Undergrad: 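Pasting a structure below so you can have a look.
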Amino acid sequence: MEFIKPSSKTPDRLRTFRLSMLDQFTPPSSYAPLILYYSHDESTSNVKQAETSSLLKRSLSDALSLYYPLAGRMTSESSLDCNDQGIDFLEARVDARLSEILESPQVEVLTQFVPSTSEGSGGFLLGIQSNYFHCWGIAIGISISHRTA
């Protein structure tokens, strides 16, 4: 696991992000999972996993500069500290083919493709897990704080 930080610093005037009244009613432990699947593309067959990983991390860092609250931490029930601490980024190898997973999806298996959002996760607002399959397919698991999203 590593932390991905925004590629540029959040300006001081944007360091505190106030949640809307409706968002404040959402339980702080509520996370929305999402899995994005990408099958093998013949045009990128010569691209190595390390290159894909590096590109994903760089793109994520750039995106966090625009969506800076996601790289911060919850400070109270009503606000976020946009402190650029970063997000959880994990990588996993899956001992299966992507087609096998998609043909017979099972909740127990799919939850392994999304980063954990346990109480001890350090108050992260966004976690991303990149899952690499034998067939060169990729599943990107996202866990985002419902309150922040």
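Remember, it's a predicted structure, so these values are computed and weren't measured experimentally. Values reported hereafter were calculated over all heavy atoms of this structure, with side chains retained and with hydrogens, waters and symmetry mates removed. Throughout, residue positions are numbered sequentially from 1 according to the sequence presented.
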Undergrad: Taking atom types as modelled, is there a side-chain donor on Ser30 or Thr26 under 3.5 Å from an acceptor on the other?
TA: no
Undergrad: Please determine whether side-chain contact (heavy atoms from CB on, under 4.5 Å) holds for the pair Leu126 and Ile142, giving the CA-CA distance in whole Å, both sets of side-chain angles, and the decisive distance to 0.1 Å.
TA: CA-CA 7 Å; Leu126 175 66; Ile142 301 166; 3.7 Å; yes
Undergrad: Which is it for Gln129 and Gln112 under the side-chain contact (heavy atoms from CB on, under 4.5 Å) test, yes or no, and what are the steps along the way?
TA: CA-CA 9 Å; Gln129 180 173 322; Gln112 296 177 30; 5.8 Å; no
Undergrad: Taking the six-membered ring where the residue is Trp, are the ring centres of Phe124 and Phe3 under 6.0 Å apart?
TA: yes
Undergrad: Determine whether Ser130 and Phe89 make a side-chain contact, defined as any pair of heavy atoms from C-beta on separated by less than 4.5 Å.
TA: yes
Undergrad: Rounded to the nearest 0.5 Å, what's the gap from CD1 on Ile140 to CD on Glu91? Could you check?
TA: 10.5 Å
Undergrad: So do the side chains of Ile35 and Val114 get within less than 4.5 Å of each other, counting heavy atoms only?
TA: yes
Undergrad: Answer yes or no: is there a side-chain heavy-atom contact under 4.5 Å between Val94 and His134?
TA: no
Undergrad: Using a 3.5 Å distance criterion without hydrogens, assess whether the side chain of Asp84 forms a donor-acceptor pair with backbone atoms of Thr10.
TA: yes
Undergrad: Under the criterion side-chain contact (heavy atoms from CB on, under 4.5 Å), I'd like the reasoning laid out for Trp136 against Ser39: C-alpha separation, chi angles, the key distance, then a yes or no.
TA: CA-CA 7 Å; Trp136 297 94; Ser39 61; over 6 Å; no
Undergrad: Answer with yes or no whether the hydrophobic clustering places Leu55 together with Leu90; edges join I, L, V, M, F, W, Y residues whose side-chain heavy atoms lie under 4.5 Å apart.
TA: no
Undergrad: Going by heavy atoms in the side chains, are Asp23 and Thr148 under 4.5 Å from each other?
TA: no
Undergrad: Are any of the side-chain heavy atoms of Phe17 and Pro69 separated by less than 4.5 Å?
TA: yes
Undergrad: Quick check against the 3.5 Å criterion: does Asn131 have a side-chain atom that pairs as donor or acceptor with the backbone of Ala139?
TA: yes
Undergrad: To the nearest 0.5 Å, what is the distance between CZ (Arg15) and CG (Leu80)?
TA: 12.0 Å
Undergrad: If you group Ile, Leu, Val, Met, Phe, Trp and Tyr by side-chain heavy-atom gaps below 4.5 Å, do Leu102 and Ile138 land in one group?
TA: no
Undergrad: Taking Ser59 for the side chain and Leu56 for the main chain, is one N or O donor matched with an acceptor at less than 3.5 Å?
TA: no
Undergrad: Are Pro33 and Ser143 close enough that some pair of their side-chain heavy atoms sits under 4.5 Å apart?
TA: no
Undergrad: To check you understand the geometry: which heavy-atom pair defines the closest contact between Ala71 and Pro6, and what is its length?
TA: CB-CG, 3.6 Å
Undergrad: How far apart are the C-alpha atoms of Glu77 and Arg147, what are their side-chain angles, what is the distance that settles it, and do they pass the salt bridge (charged side-chain N to carboxylate O under 4.0 Å, His left out) test?
TA: CA-CA 10 Å; Glu77 294 296 312; Arg147 180 180 266 197; 3.0 Å; yes
Undergrad: Return the CG to CD1 distance between Asp88 and Ile128, rounded to the nearest 0.5 Å.
TA: 10.0 Å
Undergrad: Give a yes or no on whether the backbone of Ser7 and the side-chain of Ser65 come within a donor-acceptor separation of less than 3.5 Å.
TA: yes
Undergrad: Please tell me if the side chains of Ile144 and Leu70 come closer than 4.5 Å, counting only heavy atoms from C-beta onward.
TA: yes
Undergrad: I need the minimum non-hydrogen distance between Leu110 and Pro105, along with the two atoms involved.
TA: CD1-CB, 4.0 Å
Undergrad: Might you confirm whether atom NZ of Lys5 has over 12 heavy atoms from other residues, nucleotides or ligands at distances under 6.0 Å?
TA: no
Undergrad: With ring centroids as reference points, do Phe133 and Tyr38 lie under 6.0 angstrom apart?
TA: no
Undergrad: Given side chains that start at C-beta, do those of Val109 and Ile101 come closer than 4.5 Å, heavy atoms only?
TA: yes
Undergrad: Mind checking the OG-CE spacing from Ser116 to Met1? Nearest 0.5 Å is all I need.
TA: 10.0 Å
Undergrad: For the OG1 atom of Thr52 and the NZ atom of Lys57, what is their distance to the nearest 0.5 Å?
TA: 11.5 Å
Undergrad: Can any side-chain N or O of Gln24 pair as donor or acceptor with the backbone N or O of Leu19 at less than 3.5 Å?
TA: yes
Undergrad: Can you measure from CD (Glu100) to CG (Asp95) and round to the nearest 0.5 angstrom?
TA: 9.0 Å
Undergrad: Count the heavy atoms belonging to other residues, nucleotides or ligands that lie under 6.0 Å from OH of Tyr37, then report whether that count exceeds 12.
TA: yes
Undergrad: Quick one: does Arg73's side chain have a donor or acceptor within less than 3.5 Å of a partner on Asp81's backbone?
TA: no
